[in-house]
Chemist: 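Quick one: the structure is below, and I'll ask about it shortly.
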Amino acid sequence: MSTLHVPPTPPSPRDDAIRLHRAFKGFGCDTSEVINVLAHRDTTQRALIQREYRIMYSEDLLKRLAKELSGKLETAILLWMLDPAGRDALVARQALSGDVIDLRAATEVICSRTPSQMQIFKQIYHSKFGTYLEHDLERYASGDHKKLLLAYASIPRYEGLEVDRHQIDNDAKALYKAGERRLGTDEDTFIRIFSERSRVHLDAVSSAYHSLYGSSLEKAVKKETSGLFEYALLTILRCADNPGKYFAKVLRKAMKGLGTDDTTLIRVIVTRTELDMQYIKAEYHKKYKKTLNDAVHSETSGNYRAFLLALLGPKQ
């Protein structure tokens, strides 16, 4: 469930465009007004505002926002202005280009998305950046991690709720034989099953694995694999079980200890607000005995804090 709060009767895109233009005029930007408008409009409304702004003022709203805002707030709002697939494409592209390659961020986006989400974001990736996602993965990833990402990004997995009990038991046994039962690890078996099976099926395999062998499939992955390959497998497995719990843990890690990983904080909050942030907030509170709103409030400040809290909605 989304945490986005949209007014019951929102202003017209034209009125919102006028409000934003007024916020940009004069000395300094009225950032609070920008947040009040944009943090409370859904994907379709934001797209209509952008179109209306261009018609009325012959100017690209995103370019104007980039000119008026700065720092972490600019990063967060510019990402928010895109539609979900556009955001995923941008996050993946930024992770796979530039001076610093962030394979963990690319892995998170790829391995936590459904096949239908992947297909749309791959199309946008190609149309917007002139290259295929797979080509960039070939260039920057390596080894079993690369094999898994390429398979996961390209194989059209089933997204329904039906499962084959016989296949579930076979997969659990195959994973045991490929890992804990033998010396060394048959990585190709892990790649095949994790990249080809639906979320519901893989979650059932995890349960069957525990029933058959008395230990968890997650522990087997941690024991048998390492590095980015392990991270990708765990992301797939945890999102098959409970995406809300997975992202709660990602957010906790981003805010734990000295300093805050704002790149991760922005990425997760902005990309999940319109999807399942309500569930993430519930899982965060359940596991860490603190609301996600309070955690974000303590780790951020100023208009950047105000924007993220607006997306998170009221405390639970």
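Hydrogens, waters and symmetry mates play no part in the numbers below; they use all other heavy atoms, side chains included. The first residue in the sequence is number 1, and the count goes up from there. Keep in mind the model is a prediction, meaning the values are calculated, not measured.
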Chemist: For the backbone of S198 and the side chain of R157, can you confirm whether one donor and one acceptor N or O come within less than 3.5 Å of each other?
Modeler: no

Chemist: Is it true that a side-chain atom of R197 and a backbone atom of L202 form a donor plus acceptor pair closer than 3.5 Å?
Modeler: no

Chemist: Looking at E68 and R64, does any basic side-chain N land under 4.0 Å from a carboxylate oxygen?
Modeler: yes

Chemist: Under the 3.5 angstrom rule, does the side chain of S127 hit a backbone N or O of I124 as a donor-acceptor pair?
Modeler: yes

Chemist: Minimum heavy-atom separation for S154 and E134, please, with both atom names.
Modeler: CB-OE2, 4.5 Å

Chemist: Distance alone, cut at 3.5 Å: any donor-acceptor contact between the side chains of Y209 and E180?
Modeler: yes

Chemist: Please tell me if the side chains of H40 and V6 come closer than 4.5 Å, counting only heavy atoms from C-beta onward.
Modeler: no

Chemist: For a quick check under 3.5 Å, do T185 and E224 share a side-chain donor-acceptor pair by atom type?
Modeler: yes

Chemist: State plainly whether the residues K146 and E138 are in salt-bridge range, i.e. N to O under 4.0 Å.
Modeler: yes

Chemist: Shortest non-hydrogen contact from S195 to I191?
Modeler: OG-O, 2.6 Å

Chemist: With a 4.0 Å cut-off on N to O distance, would you call E33 and R19 a salt bridge?
Modeler: yes

Chemist: Between the side chains of D136 and Y125, is a donor N or O closer than 3.5 angstrom to an acceptor N or O?
Modeler: yes

Chemist: Is the shortest heavy-atom distance from the side chain of Q119 to the side chain of K122 under 4.5 Å?
Modeler: yes

Chemist: Answer yes or no: is there a donor N or O on one side and an acceptor on the other, between the side chain of E274 and the main chain of T43, under 3.5 Å?
Modeler: yes

Chemist: Strictly below 4.0 Å, N to O, side chains only: are D188 and K147 in salt-bridge contact?
Modeler: yes

Chemist: Could you check H201 against D171 for side chain to side chain donor-acceptor pair (under 3.5 Å), going step by step and ending with a plain yes or no?
Modeler: CA-CA 10 Å; H201 180 98; D171 284 346; 2.7 Å; yes

Chemist: If you draw a 6.0 Å radius around OH in Y132, do more than 12 non-hydrogen atoms from other residues or ligands fall strictly inside?
Modeler: no

Chemist: Does the pair Y152 and E196 meet the rule for a side-chain contact (heavy atoms from CB on, under 4.5 Å), with working shown?
Modeler: CA-CA 7 Å; Y152 202 79; E196 293 180 3; over 6 Å; no

Chemist: Contact between H285 and K290 at the side-chain level, heavy atoms closer than 4.5 Å - yes or no?
Modeler: no

Chemist: Measure the shortest side-chain to side-chain distance between R182 and Y176 over non-hydrogen atoms and say whether it is less than 4.5 angstrom.
Modeler: no

Chemist: Quick one: CD1 on I266 to OG1 on T263, what's the gap to the nearest 0.5 Å?
Modeler: 6.5 Å

Chemist: Establish, from distance only, whether the side-chain atoms of E218 and S206 form a donor-acceptor pair under 3.5 Å.
Modeler: no

Chemist: Looking only at heavy atoms, what is the nearest atom pair of Y53 and H21, with distance?
Modeler: OH-ND1, 3.4 Å

Chemist: Give me the atom names and distance for the closest heavy-atom approach of Y246 to C239.
Modeler: CD2-SG, 3.6 Å

Chemist: Can K253 and D261 be counted as an ion pair, charged N to O under 4.0 angstrom?
Modeler: no

Chemist: Heavy atoms only: give me the nearest D262-Y304 pair and the separation to one decimal.
Modeler: OD1-OH, 2.7 Å

Chemist: Looking only at non-hydrogen atoms, find the nearest pair between L311 and T3 and report the distance.
Modeler: O-OG1, 2.7 Å

Chemist: Working to the nearest 0.5 Å, report the span between CD of Q278 and CG of L312.
Modeler: 9.5 Å

Chemist: Can any side-chain N or O of D203 pair as donor or acceptor with the backbone N or O of R199 at less than 3.5 Å?
Modeler: no

Chemist: Measuring from atom CE of M81 to atom CD of Q50, what distance do you get when rounded to the nearest 0.5 angstrom?
Modeler: 4.0 Å

Chemist: Any side-chain to backbone donor/acceptor pair from K315 onto D294? Under 3.5 Å, distance only.
Modeler: no

Chemist: Is there side-chain contact between I18 and Y57, with at least one heavy-atom pair below 4.5 Å?
Modeler: yes

Chemist: Can you list the steps and then say if L148 with E187 is a side-chain contact (heavy atoms from CB on, under 4.5 Å)?
Modeler: CA-CA 9 Å; L148 178 58; E187 289 88 356; over 6 Å; no

Chemist: Do R272 side-chain atoms and V270 backbone N/O form a donor-acceptor pair below 3.5 Å?
Modeler: no

Chemist: May I ask you to check whether E299 and T260 show a side-chain donor-acceptor distance below 3.5 Å?
Modeler: yes

Chemist: How far apart are the C-alpha atoms of K63 and E59, what are their side-chain angles, what is the distance that settles it, and do they pass the salt bridge (Lys or Arg N to Asp or Glu O under 4.0 Å) test?
Modeler: CA-CA 8 Å; K63 289 181 180 177; E59 184 179 27; over 6 Å; no

Chemist: For the atom pair OH (Y140) and CG (L103), what is the distance rounded to the nearest 0.5 Å?
Modeler: 10.0 Å

Chemist: Are any non-hydrogen side-chain atoms of N303 and V34 less than 4.5 angstrom apart?
Modeler: no

Chemist: Check for me, please, whether I193 and I155 land in the same ILVMFWY cluster - side-chain distances under 4.5 Å, paths through other members count.
Modeler: no

Chemist: Going through the checks in order, is the side-chain contact (heavy atoms from CB on, under 4.5 Å) test met by L90 and R87?
Modeler: CA-CA 5 Å; L90 179 61; R87 289 194 290 254; 5.8 Å; no

Chemist: Check whether more than 12 heavy atoms from other residues, nucleotides or ligands sit under 6.0 Å from atom NZ of K67, and answer yes or no.
Modeler: no

Chemist: In the single-linkage hydrophobic clustering (I, L, V, M, F, W, Y; side-chain heavy atoms under 4.5 Å), do L48 and L62 co-cluster?
Modeler: no

Chemist: Apply the test side chain to side chain donor-acceptor pair (under 3.5 Å) to residues E159 and S116: give CA-CA distance (whole Å), side-chain angles for both, the deciding distance (0.1 Å), then the verdict.
Modeler: CA-CA 8 Å; E159 294 187 48; S116 53; 3.2 Å; yes

Chemist: Look up atom OG1 in T264 and atom CG in L251, then write down how far apart they are to the nearest 0.5 Å.
Modeler: 8.5 Å

Chemist: Given the rule in the side chain to side chain donor-acceptor pair (under 3.5 Å) test, do T107 and H145 qualify, once you have shown the distances and angles that lead to the verdict?
Modeler: CA-CA 9 Å; T107 299; H145 178 236; 2.8 Å; yes

Chemist: With distance as the sole test, does N293 use its side chain to make a donor-acceptor pair with the main-chain N or O of L309 at under 3.5 Å?
Modeler: no

Chemist: Side chains of D88 and Q117: donor-acceptor distance under 3.5 Å anywhere?
Modeler: no

Chemist: Can you list the steps and then say if N170 with H166 is a side chain to side chain donor-acceptor pair (under 3.5 Å)?
Modeler: CA-CA 6 Å; N170 284 346; H166 180 67; 3.2 Å; yes

Chemist: Does a sphere of radius 6.0 Å around CE in M56 hold more than 12 heavy atoms from other residues, nucleotides or ligands, not counting ones at 6.0 Å or beyond?
Modeler: yes

Chemist: Determine whether L65 and F24 make a side-chain contact, defined as any pair of heavy atoms from C-beta on separated by less than 4.5 Å.
Modeler: yes

Chemist: Are the side chains of V109 and F121 in touch, meaning some heavy atoms are under 4.5 Å apart?
Modeler: yes

Chemist: Look at atom NE2 of H297 and say whether more than 12 heavy atoms of other residues, nucleotides or ligands are closer to it than 6.0 Å.
Modeler: no

Chemist: Taking it one step at a time, do M277 and L292 satisfy side-chain contact (heavy atoms from CB on, under 4.5 Å)?
Modeler: CA-CA 10 Å; M277 186 52 73; L292 180 56; 3.9 Å; yes

Chemist: Where the side chain of R181 meets the backbone of L175, is there a donor-acceptor pair that is under 3.5 Å apart?
Modeler: no

Chemist: Applying a strict under-4.5 Å side-chain criterion to I, L, V, M, F, W and Y, I'd like to know whether L275 and V268 cluster together.
Modeler: no

Chemist: What distance do T235 atom OG1 and I110 atom CD1 have between them, rounded to the nearest 0.5 Å?
Modeler: 10.5 Å

Chemist: Counting N and O atoms only, with roles assigned by atom type, does the side chain of K287 sit under 3.5 Å from a partner on the main chain of K245, one being a donor and the other an acceptor?
Modeler: no

